[in-house]
Amino acid sequence: MATDISLLGELAAATARRRTFAIISHPDAGKTTLTEKLLLYSGLIRTAGMVRGRKGGKVTASDWMGMEQERGISITASAMQFPYKDAVINLLDTPGHQDFSEDTYRTLTAADSAIMVIDAAKGVEAQTRKLFAVCRLRRIPVLTLINKMDLPGRPPLDLMTEVEQALNVHASAINWPVGSGSEFAGIVNRIDGSVQLFSKTVPGGAMRVKVEDLMPADLARSGRLSQDVSAQVQHDLELLEIAGNPFTREQFLQGDVTPVFFASALTNFGIESFLDAFVQLAPSPGARLADGDDGTELSVDPLETPFSAYVFKLQANMNPKHRDSTAFLRVCSGRFERDMVVKHHRLDREVRLSRPHSLVAQERSTVEEAYPGDIIGIINPGLFAIGDTISLTGGFNFKPLPQFQPEIFARIRPSDVGKRKAFDKGVWQMAQEGTVQIMRNLNDQESLVAAVGRLQFDVLQYRLRHEYRVETVLDQLPFTCSAWLEGDPTTFKPPSASMIVKDRRDRIVVLFGDQLMKTIARDRNPDHQLRDMG
Ligand code: G4P
């Protein structure tokens, strides 16, 4: 009994320390730089500049694929674990690129919170909006970091308003910048009124910055600020006091308010206090909803339910030498131990979880134990599909992962008809992994591939060539959006430039030439529902 209590205490303590999150941003806002600074301030690296690689390229944990290196981007998402002060951070890598993929969306479902990085000169950009929408749907609390304050940017008050209006969320400034651009010198903590002034130690922010802690009254006297800067800070703070949104952690956890921080990831100004606030505010792993085998909905508590996890990502052929496949699992409850025998709910059989691994920075290492919030990779001999639940007790399945609305569609065929078998196998495997979705035309049963971004098609063709030795011909179709149709398809009045198909779960999907056609279809068919996420 004593042992049980101490194990429970260990589980509770380990769970409370976990912060599992993702960074959402538009490419170039500073996600890679912030990740690197997290590693710097966690003590994992001593100088920044390691994560970024060759000029124009980036080396991240997932940078293993030839194509990523060729194109200098990181395509696949995985996770890194490292300690930060008293917390254990699990950072999910959500690749940022103009053409991003469903993987990015799905990875977010494994996060308990998100950091939204916004470029102070550009404000809220397209990809940030899309990713924020997924966070909202999943009720994932979001912290906002307004980055690049050391460059000329937009006035902080404007940026606050834009966050609120573009994302339809309340924004509450937790800190406020002292100066901006070349005069960016520090931050005021609006919670306790303290001020931090920074000075660079080495160029490029390779090392921690020097911090001088002051009280507001000392700020003017410090002589470090011009009169204009002092007056502006004073003015903004007074305005915020009257017109700003209040902040409570409860509202943040509900997704109703986003706390806003100003910083410069490159120069490290404001980064440490942001990371400290993140660790304090972001939630540790909580209960997750599941469907019980008896049809009831239940909540899986991280401490009370013995080990359970679900598969949020599959990746085949990660290592070209071994041609293995990895299933990435998010631990939802209980303690995981290496070689554990667990129930695989969909297959209704037991499986042994041998050779589990995790990624710490760029190193792959074997996992002996894991706790709620942790991500583990398991060698997958074809047993796992996306969304699968595994657990010690059985009896429930975590809610299915949402399927996202594809925006590009294509016909694809092997150039050499003799390669049909290998082609079918490859496309099937990649649909299993979620690289693309497969759809069938209702009329002629022809198969189509669908994706959220063009990059997914590039990955499909690249992997068919390299892993299945099949060259392919891809014809993109003239559709740019889609929706799941609910209601009788025979009475649905489609607009012009549309096509009706079925997805792999046999649900009806309508493809549209553009958003306007979708709006027309909604107006014309009031008895039908057109849903954006399935
Ligand atoms: P991403 O992962 O979101 O795509 O962005 P990343 O961190 O790669 O940053 C994009 C560019 O913005 C990089 O410059 C980076 O150095 C710069 N940057 C990031 N944060 C800040 C900041 O706070 N201040 C300033 N001034 N610049 C910042 P680059 O020229 O594209 O790359 P590099 O040549 O510096 O490696």
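Quantities reported herein were computed from a predicted structural model and do not represent experimental measurements. Order of listing sets the numbers, starting from 1, for every ligand and every atom in it.
- The L151 neighbourhood of ligand 1 comprises atoms 25 (C), 26 (N), with distances under 4.0 Å to a heavy atom of that residue.
- For E162, the salt bridge (Lys or Arg N to Asp or Glu O under 4.0 Å) criterion is met by R154, not counting sequence neighbours.
- Taking only non-hydrogen atoms, the option from I146, T35, V117, L266 nearest to atom 22 (C) of ligand 1 is L266.
- Heavy-atom proximity to atom 26 (N) of ligand 1, evaluated over D150, N147, T32, is greatest for D150.
- In terms of polar-atom proximity, defined here as any N/O pair under 3.5 Å, K31 does make such a contact with ligand 1.
- Every atom of ligand 1 with a heavy atom of S264 under 4.0 Å away is listed here by number and element: 22 (C), 23 (O), 24 (N).
- When every heavy atom of G270 is checked against every heavy atom of F198, the shortest pair comes out as N-CZ, 3.2 Å.
- Shown in contact with T33 at under 4.0 Å from a heavy atom are these atoms of ligand 1, numbered in order with element: 6 (P), 7 (O), 9 (O), 15 (C), 19 (C).
- In P27, the part holding a heavy atom less than 4.0 Å from any atom of ligand 1 is the backbone.
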**OP:** Kindly determine whether I174 and V260 satisfy side-chain contact (heavy atoms from CB on, under 4.5 Å), including the steps that lead there.
**Re:** CA-CA 6 Å; I174 304 293; V260 178; over 6 Å; no
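- Closest heavy-atom contact between A173 and L240: CB-CD1, 4.3 Å.
- The pair D86-R17 does not count as a salt bridge, with every side-chain nitrogen at least 4.0 angstrom from each carboxylate oxygen.
- Remark: ligand 1 and A265 share an N or O pair separated by less than 3.5 Å (distance only, no angle test).
- A distance below 6.0 Å separates the ring centres of F21 and F278.
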